[in-house]
Amino acid sequence: MPIRILKYYLLLMQAYPDKEINQMVLHVGEGAPRMENSIRRKRLTYSYELRDIKELSCKELMESPQIEDKILAVLCSVEDPETYFNRLIEELLKLPEKERADYIRKLLTALQYRPKLKLVLKRLLEERRMPITITEEMMKQDPFFQEGLERGVKKGFEKGKLEAKKEDIINLHRELQLSPEKIAKVLKVPVEFVEEVLKTTNK
């Protein structure tokens with residue numbers, strides 16, 4: 001990294017010979033930055049600032065007029081994730097559908113570095129039915145959302161199977177006077193589900 005940043009310094013110095021150059025590398029990983037940020041040789045001493053982006057406030061980026069900056073803010077110190085995502089989604093909804101989809105992909109990419117914030121976004125999308133679409137294509141590109149999709153499909157399928165057996169539960173109870181435990185065994189469903197169906201029916 002120090003050699004690469006030194007190359008950038010030399011290119012910038014050639015392009016802007018009268019300007020003072022201040023370089024900073026932002027670390028975006030989960031842990032603390034451990035890379036070198038200097039070169040010490042016999043006739044060469046060079047260094048640049050190395051900072052953890054999580055230590056920076058996301059406020060300045062969120063106030064930027066550029067949507068790219070607002071998405072980049074997810075890598076900074078996000079003190080109130082729900083407010084951040086609400087504001088970001090408001091901005092995304094102002095964009096044309098195709099452009100919005102592109103920025104959602106970029107957001108999901110950035111969130112690879114912030115798994116905890118990804119959990120917050122997933123919860124908000126599920127609980128509040130937020131007016132933004134994460135397409136199947138996007139989910140296929142993101143293992144986290146794909147896993148959630150598969151769980152959701154499986155859960156929905158299982159729930160559908162249980163719902164279909166409600167009538168059988170009621171008939172077995174009324175006509176054969178079977179106990180909830182026996183009905184559950186016959187139909188191979190949880191006894192708690194049988195009890196809930198019978199309880200609702202008897203109201």
Side-chain angles (χ1 to χ4, degrees), residues 1-125 132 134-135 137-148:
M1 181 64 77
I3 293 175
R4 185 196 308 174
I5 305 304
L6 175 57
K7 290 179 181 178
Y8 298 157
Y9 182 93
L10 295 173
L11 292 171
L12 289 167
M13 189 171 65
Q14 286 180 321
Y16 306 99
D18 300 327
K19 302 290 184 180
E20 183 178 350
I21 302 168
N22 294 305
Q23 291 178 291
M24 178 190 298
V25 170
L26 293 173
H27 173 72
V28 300
E30 276 294 292
R34 297 176 181 174
M35 65 189 75
E36 295 291 331
N37 68 326
S38 64
I39 298 175
R40 299 284 185 270
R41 297 289 188 269
K42 187 173 181 179
R43 290 186 176 84
L44 174 63
T45 299
Y46 167 74
S47 64
Y48 53 88
E49 188 175 358
L50 176 61
R51 295 190 64 179
D52 190 338
I53 197 170
K54 296 189 294 297
E55 297 174 355
L56 305 180
S57 171
C58 71
K59 183 178 179 181
E60 185 173 348
L61 288 171
M62 278 303 297
E63 292 175 350
S64 167
Q66 303 297 323
I67 188 67
E68 293 90 346
D69 292 341
K70 297 179 189 296
I71 290 174
L72 186 62
V74 77
L75 297 174
C76 300
S77 176
V78 182
E79 296 179 2
D80 186 350
E82 292 193 12
T83 298
Y84 165 77
F85 283 123
N86 282 324
R87 289 179 59 189
L88 180 59
I89 287 172
E90 286 179 9
E91 294 296 323
L92 289 170
L93 289 172
K94 297 176 184 177
L95 301 174
E97 186 176 350
K98 186 176 181 181
E99 187 177 355
R100 183 193 311 149
D102 182 54
Y103 281 117
I104 292 174
R105 290 188 188 92
K106 291 176 180 177
L107 174 63
L108 293 177
T109 299
L111 282 170
Q112 297 292 343
Y113 296 96
R114 296 292 180 268
K116 291 180 181 179
L117 289 180
K118 188 184 289 188
L119 284 172
V120 174
L121 174 60
K122 183 174 182 291
R123 177 174 58 79
L124 289 175
L125 291 172
I132 191 166
I134 295 180
T135 66
E137 179 188 353
M138 295 172 189
M139 289 188 284
K140 285 180 179 178
Q141 295 172 358
D142 190 309
F144 178 89
F145 281 95
Q146 180 62 21
E147 180 183 349

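Model, not experiment: these values are computed from the prediction.
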Task: Crowding at OH, Tyr113 (>12 non-hydrogen neighbours, <6.0 Å) - done: no

Open item on the list: Taking Lys106 first and then Asp102, would you say they form a salt bridge - that is, a charged N and a carboxylate O separated by under 4.0 Å?
Closed with: yes

Task: Note, Leu61 side chain near Ile71 side chain (heavy atom, < 4.5 Å) - done: no

TODO: Count the heavy atoms of every other residue, nucleotide or ligand shown that sit under 6.0 Å from CD1 of Ile3, and state whether that count exceeds 12.
DONE: no

Task: Shortest non-hydrogen separation from Leu56 to Cys76 and the atoms involved - done: O-CB, 3.2 Å

TODO: State plainly whether the residues Glu82 and Arg123 are in salt-bridge range, i.e. N to O under 4.0 Å.
DONE: yes

Task: Smallest separation among heavy atoms of Val74 and Val78, with atom names - done: O-CG2, 3.9 Å

Task: Leu26 side chain reached by Leu75 side chain, heavy atoms, under 4.5 Å - done: no

Task: Interatomic distance, Ile39 atom CD1 to Leu6 atom CG [nearest 0.5 angstrom] - done: 5.0 Å

Task: Rounded distance (nearest 0.5 Å) linking atom OH of Tyr16 with atom CD1 of Ile21 - done: 9.5 Å

Task: From Lys118 atom NZ to Leu107 atom CG, the distance as rounded to the nearest 0.5 Å - done: 9.5 Å

Task: Check: Lys54 side chain, Ser77 main-chain N or O, donor-acceptor pair, under 3.5 Å - done: no

TODO: Measure the spacing between CD1 of Ile104 and OG1 of Thr109 and express it to the nearest 0.5 Å.
DONE: 12.0 Å

Task: Heavy-atom side-chain proximity of Val120 to Lys116 below 4.5 angstrom - done: no

Open item on the list: Can you tell me how far apart CG (Leu111) and CZ (Arg114) are? Round to the nearest 0.5 Å.
Closed with: 9.5 Å

Task: Distance-minimising heavy-atom pair for Val28 and Ile53 - done: CA-CG2, 3.8 Å

Open item on the list: Show every side-chain hydrogen bond (donor to acceptor under 3.5 Å, both in side chains) that has at least one partner inside residues 36-49, sequence neighbours left out.
Closed with: Gln23-Tyr46

TODO: State, with a plain yes or no, whether a side-chain heavy atom of Arg34 is found less than 4.5 Å away from one of His27.
DONE: no

- [ ] Return the minimal non-hydrogen interatomic distance between Lys70 and Met62, and the atom names on each side.
- [x] NZ-O, 2.6 Å

Open item on the list: Does any part of the side chain of Tyr84, heavy atoms only, come nearer than 4.5 Å to the side chain of Glu79, both counted from C-beta?
Closed with: no

TODO: Step through the shown structure and confirm whether more than 12 heavy atoms of other residues, nucleotides or ligands are within 6.0 Å of CD on Glu63.
DONE: yes

Open item on the list: Test of understanding: with salt bridge (charged side-chain N to carboxylate O under 4.0 Å, His left out), list the residues that count as partners of Lys94, not counting sequence neighbours.
Closed with: Glu91

Open item on the list: Using the rule side chain to side chain contact (heavy atoms under 4.5 Å, CB included), only one of Leu121, Leu92, Asp80 pairs with Phe85; which is it?
Closed with: Leu121

